[in-house]
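To start, the structure under review is shown below, and the notes come after it.
If you're wondering where the values come from, they're calculated on a predicted model, not measured in any experiment. No hydrogens, no waters, no symmetry mates; every other heavy atom, side chains included, goes into these values.
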Amino acid sequence: MTTSNICINGLRALGRHGVLPEEQERAQPFEVDITIDTHIAPAARTDDLATTVDYGLVVASVVEIIETRSYRLLEALASALADDVLARPGVEAVTVEVRKIRPPLPAQVDSVGVRLRRTRA
């Protein structure tokens with residue numbers, strides 16, 4: 001059986017993540033890409049949502065984590081998101097990329113981010 005991917009790209013939510021006090025106090029935009037490794041053959045065959053990973057539920061959970069929790073480091077936020085997705089039935093591995101859209105830097109930067117990959121043990 002081959003593994004395929006479910007991809008969620010450009011998910012945006014406001015969160016309070018960062019080392020600086022103002023980053024913890026004022027919500028700022030974050031963007032997330034998630035690639036879920038899973039077996040989609042059952043869903044392709046049956047056309048039944050119950051046989052695959054429901055990306056709507058993944059999106060809702062990721063937004064909730066970004067909006068309700070607070071992390072100092074993007075590494076910690078990305079790790080929390082990866083753990084949440086990997087705990088879902090049918091997920092074999094996950095790649096999470098988190099980007100801070102307006103990082104407080106003394107130079108013009110589109111974003112800064114972290115990408116990590118986790119596999120089921």
Backbone of [Y] reached by a side-chain donor or acceptor of [X] within 3.5 Å:
X	Y	result
T46	P42	yes
R115	T95	no
D33	E97	no
T51	D48	yes
E23	L20	yes

Separation of [Y] [atom2] from [X] [atom1] (nearest 0.5 Å):
X	Y	atom1	atom2	answer
L77	S70	CG	OG	9.5 Å
F30	H17	CZ	NE2	5.0 Å
L74	R99	CG	CZ	11.0 Å
Y55	T38	OH	OG1	14.0 Å
I34	L81	CD1	CG	6.0 Å
I6	I40	CD1	CD1	7.0 Å

Testing the basics here: between [X] and [Y], what is the closest heavy-atom pair and its distance to 0.1 Å?
X	Y	result
R88	S61	NH2-CB, 3.1 Å
V112	P103	CG2-CB, 3.8 Å
R120	A87	NH2-C, 4.4 Å
E25	R16	O-NE, 3.1 Å
V96	A78	CG1-O, 4.2 Å
A27	L14	CB-CB, 4.0 Å

Are [X] and [Y] connected in the hydrophobic side-chain network, where two residues link if heavy atoms are under 4.5 Å apart?
X	Y	answer
V19	V109	no
L116	V62	no
I101	V59	no

### Message
Please check if the number of heavy atoms outside R117 that lie under 6.0 Å from its CZ is greater than 12.
### Response
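Yes, the 6.0 Å shell around CZ holds more than 12 heavy atoms from other groups.
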### Message
Looking at N9, I want to see if its CG is surrounded by more than 12 non-hydrogen atoms of other residues, nucleotides or ligands under 6.0 Å.
### Response
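Yes, because the 6.0 Å sphere around CG of N9 holds more than 12 heavy atoms from other groups.
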### Query
Is any side-chain heavy atom of V91 closer than 4.5 Å to a side-chain heavy atom of D37?
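SC-SC contact between V91 and D37 ruled out.
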### Query
Should S111 and E31 count as side-chain neighbours, where that means a heavy-atom distance under 4.5 Å?
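They are not in contact (no side-chain heavy atoms under 4.5 Å apart), so the answer is no.
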### Task
Could you walk me through whether R118 and S79 pass the side-chain hydrogen bond (donor to acceptor under 3.5 Å, both in side chains) test, one step at a time?
CA-CA 9 Å; R118 294 258 170 86; S79 181; 2.7 Å; yes
### Message
One pair to check against side-chain hydrogen bond (donor to acceptor under 3.5 Å, both in side chains): N5 and T35. What are the steps and the verdict?
### Response
CA-CA 6 Å; N5 300 118; T35 302; 5.9 Å; no
